[in-house]
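Take a look at the structure set out below.
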There are 2 protein chains.
Amino acid sequence: MGRSSVNGQLDLLLLSSLGAGEAHGYALIARIHERSGARIELQEGSVYPALHKLEAAGCVASRWADDDGGRRRVYALTGAGHAELARKVEEWRGFSAAVRGVLGAAS
Amino acid sequence: MGRSSVNGQLDLLLLSSLGAGEAHGYALIARIHERSGARIELQEGSVYPALHKLEAAGCVASRWADDDGGRRRVYALTGAGHAELARKVEEWRGFSAAVRGVLGAAS
DNA sequence: TCCCATACCTAGACTCTCTAGGTATGGGAC
DNA sequence: GTCCCATACCTAGAGAGTCTAGGTATGGGA
């Protein structure tokens with residue numbers, strides 16, 4: 001595992017980014033890179049399998065679009081995806097609060 | 001991987017807890033459980049290998065103590081451990097800020 | 001016509017943490 | 001006095017998640 005790891009929050013990042021509007025894989029990578037302040041640099045090999053898994057789980061839906069040039073697969077959040085996003089946001093808040101609790105006691 | 005995962009922050013949690021004073025394995029588990037607001041429940045099978053790894057890396061030092069009854073292995077932060085802790089705290093702050101950045105844009 | 005950027009995909013490897021076992025000791029119950 | 005349980009430590013192996021390193025296809029500019 002390389003050093004730009006997302007520590008188990010990949011699904012959260014993808015769902016959250018799709019919450020801002022449908023997008024294709026490459027665009028999601030750019031979106032997350034930008035919004036993270038260039039701190040998160042996802043790889044294609046991480047993103048595409050994760051999107052396929054989310055689609056299999058019914059959290060996102062995809063359609064093929066050939067707008068400009070090459071083929072593109074555009075993903076959008078489903079109803080279940082919105083619910084899952086909300087759940088994962090809560091989970092993240094709980095986890096980061098827990099870590100802050102442990103850190104805060106010491107330093 | 002079970003569902004109480006610490007998402008790659010196990011070393012941070014252990015080092016940070018040891019920053020509050022030396023302790024043995026079981027005590028660390030209890031300390032982290034308490035300070036996380038009961039949200040993080042580490043398993044022995046996670047903690048002991050992690051402590052051994054940190055000791056091999058020179059971040060912690062251990063000594064055997066048979067205070068009350070059974071044997072106990074008491075761990076303490078080394079100088080290198082303090083430095084590593086500071087580094088990991090910074091890493092965590094950067095990462096959680098990055099996630100907040102991605103989340104904040106959407107919801 | 002060739003090359004490069006965009007865009008997508010997959011297999012395999014690697015790391016991390018958990019599960020599920022195991023050992024040893026001391027104290028209380030019966 | 002013996003049994004059982006809580007405390008305390010340990011390890012091998014499994015499983016999940018993400019990355020590396022490859023590959024394919026298309027369109028546009030040199």
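Here is the naming used below: chain letters follow the sequence lines, and residue numbers restart at 1 for every chain. Worth saying up front: this structure is predicted, and the values here are computed from it rather than measured.
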For nucleotides 23-25 of chain D, print each protein N/O atom paired with a nucleotide N/O atom at under 3.5 Å, atom names and distance only.
none

- Item | Under the 3.5 Å Watson-Crick or G-U criterion, the dot-bracket string of DNA chain D, with | for inter-strand pairs | ||||||||||||||||||||||||||||||
- Is a donor on one side and an acceptor on the other found under 3.5 Å between the side chain of A:Ser62 and the backbone of A:Val74?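 No; zero donor-acceptor contacts below 3.5 Å.
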So which heavy atom on [X] is nearest to which on [Y], and how close?
X	Y	answer
A:Ala23	A:Leu18	N-CD2, 3.8 Å
B:His33	B:Glu41	CD2-CG, 3.3 Å
A:Leu15	A:Cys59	CD2-CB, 4.1 Å
B:Leu14	B:Ala50	CD1-CB, 3.6 Å
A:Gly21	A:Arg31	O-NH1, 2.8 Å
A:Gly25	A:Val47	O-CG1, 4.5 Å

- Pair B:Glu90 + B:Arg87: basic N to acidic O under 4.0 Å: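 Looking at B:Glu90 and B:Arg87, the cut-off is not met.
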- Query: Using a heavy-atom distance cut-off of less than 4.0 Å, which residues of residues 21-30 of chain A contact DNA chain C?
  - Reply: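 Under 4.0 Å from DNA chain C: A:His24, A:Gly25, A:Tyr26.
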- Item | Criterion side-chain contact (heavy atoms from CB on, under 4.5 Å) against A:Asp11, the qualifying member of A:Leu51, A:Leu54, A:Leu85 |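 Output: one option passes, namely A:Leu54.
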Among [options], which nucleotide sits nearest the side chain of [X]?
X	options	answer
A:Ser46	D:dC10, D:dC19, C:dC9	D:dC19
A:Tyr48	D:dT18, D:dA8, C:dC9	C:dC9
B:Trp64	D:dT11, D:dC9, D:dA8	D:dC9
A:Gln43	D:dC9, D:dT20, D:dC10	D:dT20

- Query: What orientation do A:Phe95 and B:Trp92 show, parallel under 30°, tilted 30 to 60°, or perpendicular over 60°?
  - Reply: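 Rings of A:Phe95 and B:Trp92: perpendicular, over 60°.
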How many whole angstroms separate atom [atom1] of [X] from atom [atom2] of [N]?
X	N	atom1	atom2	value
B:Leu51	D:dC10	CG	P	9 Å
A:Lys53	C:dC9	NZ	C1'	17 Å
A:Glu41	D:dT20	CD	P	11 Å
A:Arg73	D:dT26	CZ	P	17 Å

- Take A:Val6 and B:Val99, measure what side-chain contact (heavy atoms from CB on, under 4.5 Å) needs, and give me the verdict at the end. CA-CA 9 Å; A:Val6 290; B:Val99 173; over 6 Å; no
- Item | Below 4.0 Å: OP1/OP2 of C:dT10 and any side-chain N or O of A:His52 |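 Answer yes for this pair, as a side-chain N or O of A:His52 is under 4.0 Å from OP1 or OP2.
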- For B:Gly45, report the nucleic acid contact type (base, sugar-phosphate, nothing); a contact means any heavy atom under 4.0 Å.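 Base contact.
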